Engineer: 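The structure is given below, and queries will be raised subsequently.
None of these values were measured; they are calculated from a predicted model.
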Amino acid sequence: MGDILRLTTALLIRGIQDALFGIAKLYNIDKGVQECQNKERLNQIALAETYKQQLRRPPPPRKPLNNDSLVLPRLIQSCLLNGGIYLCSIFIFNNIIIPLLEFIVLFIGNSPLWVYLRLSISTLFSILWIIPIFLLSKVVNGLWFQKIADAAYRQSKGRPIPTRRGITNAIADTIFSILVQTVFLLQASIISLLPIPGLGFILRLLHHSLLYSLYAFDYIWFNQGHSVHHRLHSLESNWPYYTGFGIPLAVATSNFESFAVSGGVFALLFPLLIISASYATPPSEYKGTVLRLFDPSVAVVNLLTKYTVSHRNLK
């Protein structure tokens with residue numbers, strides 16, 4: 001029992017270290033790609049000079065250099081959208097515009113008016129700005145996260161393994177994974193309502209830590225050709241490590257009551273977790289108890305799938 005406890009603690013700490021220390025890879029993450037691009041650029045220049053000197057005719061048009069393998073440009077774009085535009089607009093509205101309007105209204109001396117005015121302004125701000133930019137950022141972040149994950153994977157592990165399951169199976173696998181993650185997030189919210197002080201928060205933090213690890217490693221496992229059931233089994237079998245890996249982001253997003261702010265913080269920090277996952281070395285085996293937290297969510301999704309298929313067949 002003592003050995004299992006020490007192993008669990010060690011893997012938990014190792015997961016936290018991999019999540020935090022992986023960020024240090026940002027210092028030279030694009031160094032290899034930039035060196036290859038510089039070499040390609042020099043080769044293009046040398047080729048152009050050869051055409052000029054030997055053939056005495058204009059060189060062939062140069063092909064544009066491919067920047068899809070660079071991580072930092074995508075990371076900067078993501079930070080500007082989620083931090084510079086989304087979160088900053090919420091901060092300015094709540095800490096500058098609202099206090100300024102409150103000062104003006106109270107200076108005029110109409111205190112009852114301010115209660116309704118603040119509610120109306122906050123509602124309009126949410127409808128006309130927060131909700132549209134939040135939905136837009138969800139779509140854009142999904143595309144950018146995929147590009148960041150693919151670029152980081154190519155730099156850390158090489159080319160993705162071609163899937164042998166076919167496009168249809170790959171799409172079905174992705175849809176099933178998204179449904180399981182959605183139900184699991186709902187499961188975390190339900191468990192957090194337990195009336196025992198502190199226990200609900202701890203269980204919710206555990207759920208979110210595992211879910212954020214699944215988000216990050218899902219890109220890697222998909223590129224390696226693993227099915228969704230294999231990915232969930234890996235997560236549950238080595239739950240101490242993946243709990244530690246997801247804890248920093250789970251703690252960072254749990255400090256905000258506003259769902260909009262929490263979502264913005266997640267979108268701002270999650271690309272860093274993707275990079276850390278690309279360079280992490282998860283343990284291959286854990287001798288302790290397998291934590292089957294995803295089983296209820298998988299059962300619900302399977303039940304919904306069977307009901308949908310049977311209902312469609314009846315029609």
Side-chain angles (χ1 to χ4, degrees), residues 4-5 7-23 145 149 173-174 176-194 198-224 226-256 259 262-263 265-267 269-302:
I4 294 297
L5 183 59
L7 177 61
T8 302
T9 305
L11 290 177
L12 185 71
I13 296 174
R14 178 179 168 183
I16 297 174
Q17 290 176 341
D18 283 355
L20 297 178
F21 293 165
I23 301 175
F145 289 167
D173 185 272
T174 302
F176 186 84
S177 177
I178 293 174
L179 291 175
V180 170
Q181 293 169 9
T182 304
V183 176
F184 188 76
L185 188 62
L186 180 62
Q187 175 182 317
S189 300
I190 295 175
I191 288 182
S192 66
L193 300 177
L194 289 175
L199 181 60
F201 173 79
I202 293 175
L203 291 176
R204 183 180 181 183
L205 190 66
L206 173 63
H207 277 69
H208 284 184
S209 299
L210 290 173
L211 185 61
Y212 293 162
S213 288
L214 177 61
Y215 286 160
F217 282 94
D218 219 24
Y219 295 102
I220 300 170
W221 290 331
F222 187 83
N223 284 330
Q224 292 175 341
H226 298 315
S227 66
V228 61
H229 295 287
H230 183 277
R231 304 198 294 264
L232 293 178
H233 177 72
S234 299
L235 200 77
E236 292 176 332
S237 299
N238 299 292
W239 64 268
Y241 173 83
Y242 291 111
T243 299
F245 190 88
I247 274 182
L249 184 57
V251 172
T253 56
S254 65
N255 293 323
F256 303 96
F259 175 78
S262 178
V265 173
F266 171 84
L269 299 179
F270 181 63
L272 302 177
L273 203 66
I274 295 177
I275 296 173
S276 297
S278 299
Y279 290 92
T281 54
S284 57
E285 184 180 357
Y286 171 64
K287 298 180 181 180
T289 303
V290 176
L291 193 63
R292 301 189 179 279
L293 282 181
F294 283 89
D295 281 2
S297 299
V298 172
V300 170
V301 174
N302 285 332

Engineer: For T8, give me all partners under side chain to side chain contact (heavy atoms under 4.5 Å, CB included), at least two apart in sequence or on another chain.
Structural biologist: I4, W239, P240, Y286
Engineer: Please report the closest heavy-atom contact between I220 and A277, naming both atoms and the distance.
Structural biologist: CD1-O, 3.0 Å
Engineer: How many angstroms lie between CG in L7 and CG in L12, if you round to the nearest 0.5 Å?
Structural biologist: 11.0 Å
Engineer: Once you round to the nearest 0.5 Å, how far does CZ of R292 lie from OG of S237?
Structural biologist: 7.0 Å
Engineer: Can you tell if the side chain of F145 reaches within under 4.5 Å of the side chain of P271, non-hydrogen atoms only?
Structural biologist: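 Contact flag for F145/P271 side chains = yes.
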Engineer: Report the residues that fulfil side chain to side chain contact (heavy atoms under 4.5 Å, CB included) with V301, sequence neighbours left out, ordered by chain and then residue number.
Structural biologist: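 Result, side chain to side chain contact (heavy atoms under 4.5 Å, CB included) vs V301: F176, L179, V180, V183, T305.
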Engineer: So, the side chain of D173 versus the backbone of V228: is there a donor-acceptor pair under 3.5 Å, distance only?
Structural biologist: yes
Engineer: Once you round to the nearest 0.5 Å, how far does CG of L293 lie from CG of L211?
Structural biologist: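 Reported to 0.5 Å precision, the distance equals 11.0 Å.
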Engineer: Using a 4.5 Å cut-off on heavy atoms from C-beta on, say whether the side chain of H208 contacts that of L185.
Structural biologist: yes
Engineer: Keeping the roles fixed (side chain from T243, backbone from S209), state whether a donor-acceptor pair exists under 3.5 Å.
Structural biologist: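 Looks like no, no N/O pair under 3.5 Å.
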Engineer: Mind checking the CG-CZ spacing from L249 to F266? Nearest 0.5 Å is all I need.
Structural biologist: 6.0 Å
Engineer: Any side-chain donor-acceptor pair under 3.5 Å between Y279 and D18?
Structural biologist: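 No pair is found: no donor N or O on one side chain lies under 3.5 Å from an acceptor on the other.
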Engineer: Any donor and acceptor pair, going by atom type alone, linking the side chain of S213 with main-chain N or O of G246 inside 3.5 Å?
Structural biologist: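 Yes; at least one donor-acceptor contact below 3.5 Å.
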Engineer: Between Y215 and W221 (judged by ring centroids, cut-off 6.0 Å), do the two rings come close enough to count as a pair?
Structural biologist: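 Ring centroids of Y215 and W221 are no less than 6.0 Å from each other.
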Engineer: When rounded to the nearest 0.5 angstrom, what is the spacing between OH in Y212 and CG in L269?
Structural biologist: 10.5 Å
Engineer: For the OG atom of S262 and the CG atom of N255, what is their distance to the nearest 0.5 Å?
Structural biologist: 9.0 Å
Engineer: Counting C-beta onward and ignoring hydrogens, is there a side-chain heavy-atom pair between F294 and L214 closer than 4.5 Å?
Structural biologist: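 They are in side-chain contact.
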Engineer: So, using side chain to side chain contact (heavy atoms under 4.5 Å, CB included) as the criterion, who are the partners of L194 when residues are at least two apart?
Structural biologist: I191, L199, L203
Engineer: Restricting to non-hydrogen atoms, name the atom on T253 and the atom on A250 that form the minimum distance, rounded to 0.1 Å.
Structural biologist: OG1-O, 3.2 Å
Engineer: What verdict does the ring pair (Phe, Tyr, Trp, His ring centres under 6.0 Å) test give for H226 and F222, after you've listed the backbone C-alpha separation in whole Å, the side-chain angles of each residue and the deciding distance to 0.1 Å?
Structural biologist: CA-CA 6 Å; H226 298 315; F222 187 83; over 10 Å; no
Engineer: Applying side-chain hydrogen bond (donor to acceptor under 3.5 Å, both in side chains), name anything that partners H229, two or more places apart in sequence or on another chain.
Structural biologist: none
Engineer: Can you list every side-chain hydrogen bond (donor to acceptor under 3.5 Å, both in side chains) pair that touches residues 177-188, not counting sequence neighbours?
Structural biologist: S177-Q181, S177-D218, Q181-D218, Q187-H207, Q187-S297
Engineer: For the residue pair L206 and L291, establish whether any side-chain heavy-atom pair is separated by less than 4.5 Å.
Structural biologist: yes
Engineer: If you take all heavy atoms of G244 and P248, which pair is closest and at what distance?
Structural biologist: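 Closest approach of G244 to P248: O-CD, 3.3 Å.
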Engineer: Would you please indicate yes or no on a ring centroid separation below 6.0 angstrom for F245 and F217?
Structural biologist: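 That pair passes the under 6.0 Å test.
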Engineer: Not counting sequence neighbours, which residues clear side chain to side chain contact (heavy atoms under 4.5 Å, CB included) with T289? List them please.
Structural biologist: none
Engineer: Does any non-hydrogen side-chain atom of P283 lie less than 4.5 Å from one of L11?
Structural biologist: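 They are in side-chain contact.
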